[in-house]
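Some notes on the structure that comes next.
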2 protein chains.
Amino acid sequence: MSPQQRRSGLGTNQEAVRRHNLGTVLRHVHGAGQISRAELTSLMGLNRSTIAGLVGELESLGISERATPAGGARQGAGRPSAGVAIAGDGPCVIAVDLGVDRAVVARVGLGGRVLRRAQAPVPHDGEAWQVGASVAALIREVVEDAPTAAPLVGIGISVPGMVRRSDGLIRLAPNLEWHDVSFGGIVLAALGLDVPVSLANDADLGALAEHTRGVGVGIDDLIYVSGNVGVGAGVIMGGHRLEGAGGYAGEVGHLRFDPGGRPCHCGNRGCWETEVGGHAIAEAIHCPPDKVAQLDEVLDGFTSPSPELRRTGTAIGHGLASIVNMFNPRLVILGGYFRSLYELVGPEIDAGLTDRALPAPLESVRLSLPGLGSDSALLGAAEIALEPLFVDPVAALGSALVDVRAQLAG
Amino acid sequence: MSPQQRRSGLGTNQEAVRRHNLGTVLRHVHGAGQISRAELTSLMGLNRSTIAGLVGELESLGISERATPAGGARQGAGRPSAGVAIAGDGPCVIAVDLGVDRAVVARVGLGGRVLRRAQAPVPHDGEAWQVGASVAALIREVVEDAPTAAPLVGIGISVPGMVRRSDGLIRLAPNLEWHDVSFGGIVLAALGLDVPVSLANDADLGALAEHTRGVGVGIDDLIYVSGNVGVGAGVIMGGHRLEGAGGYAGEVGHLRFDPGGRPCHCGNRGCWETEVGGHAIAEAIHCPPDKVAQLDEVLDGFTSPSPELRRTGTAIGHGLASIVNMFNPRLVILGGYFRSLYELVGPEIDAGLTDRALPAPLESVRLSLPGLGSDSALLGAAEIALEPLFVDPVAALGSALVDVRAQLAG
DNA sequence: TCGTCCCTGTCCACCCGCACAACAAATTCT
DNA sequence: AGAATTTGTTGTGCGGGTGGACAGGGACGA
């Protein structure tokens with residue numbers, strides 16, 4: 001959601017104004033990590049005294065605290081502006097990055113600061129409740145050292161599959177072999193807690209995180225293409241997540257690529273994924289099938305690309321061209337094992353894209369590696385969990401969980 | 001733009017609240033044509049007295065006028081609510097639908113009412129200034145009988161090509177053979193006027209119009225696929241137009257369809273357009289190439305589809321499947337000659353889509369014909385010209401042109 | 001070292017816009 | 001016809017952003 005949330009046709013009353021302004025201040029603090037009141041006034045276009053009031057409210061809510069004027073970048077004369085910093089025991093969230101072979105869990109505070117992290121392998125044929133128990137154990141671990149005063153706002157979970165927007169149901173996670181799994185409920189049950197849980201697709205969250213604090217800061221039209229066994233994309237257009245009717249937008253893996261190509265697990269032939277998906281690449285580099293989940297590590301061991309890999313690079317570029325034609329992004333971020341591939345066959349990918357994309361969309365697009373490394377999805381999960389805080393800080397804190405440690409013990 | 005315009009990170013003051021609420025009231029009046037104050041209060045969630053104040057301001061601006069309680073649908077007891085209707089000599093806009101072989105121009109008032117229309121053929125090899133002069137003549141015609149009091153808010157132009165969002169430059173209109181044409185400036189120069197001009201792609205405007213007052217009312221995720229010699233799409237996601245970095249989003253005609261297919265004018269092989277574009281279909285039905293621009297009329301003469309046409313229908317369905325997978329729309333509207341085709345080979349299109357789309361996005365999508373017939377793009381052009389009125393009615397009226405007739409005479 | 005300049009934080013009165021309550025008006029239901 | 005119901009109108013109150021006055025705090029120049 002954007003500073004102005006997307007309501008359709010509603011009016012605005014002054015209560016909503018306050019909510020929005022308070023949330024926007026917090027969003028700026030979150031984005032910058034630390035920011036001066038003077039910057040806030042110029043960014044938001046409000047009066048000094050108004051900003052003072054808003055900042056005061058955030059402080060009394062225990063979200064932010066006054067900081068000494070940021071030592072570094074002093075620009076001109078005049079009284080230095082007091083900083084607004086994120087409170088040490090301010091609100092935090094749990095972020096979960098569920099991968100095909102491992103789960104990463106982190107406690108994350110405002111500003112995207114990872115306060116503590118833990119991870120564990122996930123069995124290949126694990127049932128959802130087993131994985132849920134394992135994730136719950138990791139959550140208990142990262143909550144262990146949380147300050148008593150720090151409220152837990154929610155849990156965000158990144159999923160390698162299609163997640164229904166309306167209720168967070170995992171419709172299909174092919175590489176976990178899950179169908180219609182209510183993973184949020186499973187984790188909550190395993191924890192014995194009741195906090196807001198948000199789930200979303202890993203590529204969508206990668207896009208969100210890169211837009212908030214990665215290479216995509218300030219770029220309002222970007223796509224994060226993720227290679228994680230399957231191929232998917234997260235799309236941000238006009239500064240907003242592209243979700244689609246059900247939340248399934250961005251399924252670029254099943255773009256028609258070559259009608260005479262290999263059969264795909266979706267039932268068709270020659271989907272893009274059959275050419276550039278994890279299994280296709282594993283085959284191209286003669287990597288054993290059981291190592292597909294660690295494909296990025298395997299690829300990092302390569303120093304020079306084989307001809308097969310070069311051909312794969314071209315195929316990636318050709319697929320990206322369709323994506324660029326369809327969405328006209330300013331930035332395409334290559335995540336997952338595409339990250340390692342871009343190091344190896346970058347020129348082939350670039351050439352494939354340049355060859356097949358239309359001139360107009362091509363001239364404004366740029367390819368890039370993720371700015372957050374392999375943490376994009378994890379930090380994106382933190383972002384969606386934090387989101388309610390920016391829509392209505394007071395309400396979000398009201399429904400947050402206080403003293404999580406005690407709650408988990410009891 | 002939505003009721004809440006997309007500003008990034010700005011604060012809201014009460015002046016903005018008033019602007020927004022006034023614009024939102026007007027948007028509702030525009031959408032419904034006529035609406036009661038009571039409906040406005042419940043739609044916008046504001047107090048009766050606030051709505052009364054807003055409606056009063058619209059009346060004093062000469063935009064709306066008080067109407068007798070809508071006779072038809074009386075529901076319960078109680079005093080009937082006074083209606084808000086669009087003023088007879090209220091603001092209006094000029095809408096231009098530039099086609100490959102003809103231009104349609106209309107004067108359109110709020111509520112999407114076409115007050116007067118005119119059209120003329122456009123020479124196949126016309127230069128931009130010639131077409132501009134012809135459009136200017138049509139504009140003079142439709143303005144002839146405009147009430148003196150009615151202010152002209154702007155001109156909206158639908159273009160069969162790629163339009164740069166930042167300045168409305170026509171980057172490429174392949175079937176007009178235009179490159180980098182500043183058509184807005186040309187028309188204004190021919191008129192000797194200075195009013196706001198907005199240009200956009202015809203498919204984008206088709207989507208917009210169908211979303212506002214066609215089959216897509218209330219559906220926030222839809223795609224309008226337009227067949228007009230070339231194939232393009234207009235995308236609305238989350239209630240907002242999908243524009244992309246440069247404004248070129250939705251170029252679905254150059255999706256990779258069959259790498260071994262026919263060469264496309266874009267330089268590649270086997271773009272979707274080479275299978276389902278105007279020229280391909282003309283060939284399939286043995287229609288002479290110079291009649292491609294009137295393909296819809298030719299198709300309307302058919303009663304039963306040939307096997308070639310059936311194959312084309314399947315190809316359309318397969319292409320739509322890629323689009324549905326990428327965007328996950330709730331509604332796909334088939335415009336241009338796809339409209340006539342759907343009457344002929346609807347089952348083949350449906351089957352092609354069902355065959356190739358993923359189950360999750362497929363289950364919520366529906367195909368449909370345009371609700372506005374062949375006027376979608378024209379009414380969409382009116383919509384973008386009216387847009388400033390909903391963002392800030394007072395400001396838009398301030399910069400509108402009064403007594404256009406006199407201005408054009410002088 | 002001191003004074004000036006410039007910018008910022010704080011406090012105040014003020015204005016604007018929405019909400020709320022009370023009353024009048026208009027229609028339906030009994 | 002009277003009660004019930006819903007809406008328009010009016011006046012008052014309240015919340016929230018604005019703007020000015022004043023004080024605080026650092027940079028720069030003399």
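Computed from a prediction, not measured in an experiment: that's the story for all the values here. Each chain gets a letter, A, B and so on, in the order the sequences are listed, and its residues count up from 1.
Contacts between residues 39-56 of chain A and DNA chain D, counted as heavy-atom distances below 4.0 Å, involve A/L46, A/N47, A/R48, A/S49, A/T50.
In this structure, the CD atom of B/E57 is 12 Å from the C1' atom of C/dC16, given to the nearest Å. When the P atom of D/dG15 is taken as reference, atom CZ of A/R19 falls 16 Å away, rounded to whole Å. The distance between atom CZ of B/R37 and atom P of C/dA26, rounded to the nearest whole Å, is 14 Å. If you measure from atom CZ of A/R66 to atom C1' of D/dG25, you get 12 Å, rounded to the nearest angstrom. Going from atom CZ of A/R18 over to atom P of D/dG15 covers 12 Å, rounded to whole Å. Atom NE2 of B/H20 is separated from atom C1' of C/dC16 by 18 Å (rounded to the nearest Å).
B/E15 and B/H20 share no donor-acceptor pair across their side chains, judged by distance under 3.5 Å alone.
Between the side chain of A/Q14 and the base of D/dG15, at least one donor-acceptor pair of N or O atoms lies under 3.5 Å.
Rounded to the nearest 0.5 Å, atoms CG (A/L389) and CD (A/E383) are 11.0 Å apart. Considering CG of B/L152 and CG of B/L193, their distance stands at 7.5 Å, rounded to 0.5 Å.
Within the structure, the salt bridge (charged side-chain N to carboxylate O under 4.0 Å, His left out) test picks out the following pairs touching residues 50-66 of chain B (sequence neighbours left out): B/R18-B/E57.
B/P91 pairs in a side chain to side chain contact (heavy atoms under 4.5 Å, CB included) with only one of the listed residues (B/L401, B/L110, B/I86, B/L61), which is B/L110.
Between B/S36 and A/E15, the residue anchored nearer the 5' end of DNA chain D, judged by the nucleotide with its closest heavy atom, is B/S36.
Applying the side-chain contact (heavy atoms from CB on, under 4.5 Å) criterion to A/D220, with sequence neighbours excluded, gives A/H211. Every residue two or more places apart in sequence or in another chain that forms a side-chain contact (heavy atoms from CB on, under 4.5 Å) with B/R165 is listed here: A/D221, B/E243. For B/H28, there are no ring-ring contact (aromatic ring centres under 6.0 Å, His included) partners two or more places apart in sequence or in a different chain.
Salt bridge present: A/E387 and A/R27 bring a charged side-chain N and a carboxylate O closer than 4.0 Å.
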Between protein and nucleic acid, restricted to nucleotides 2-6 of chain C and to nitrogen or oxygen atoms under 3.5 Å apart, what atom pairs and distances do you find?
| unit_1 | atom_1 | unit_2 | atom_2 | d |
| --- | --- | --- | --- | --- |
| C/dC6 | O2 | A/G78 | N | 3.4 |

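For D/dG16, neither phosphate oxygen OP1 nor OP2 lies less than 4.0 angstrom from any side-chain nitrogen or oxygen of B/N13.
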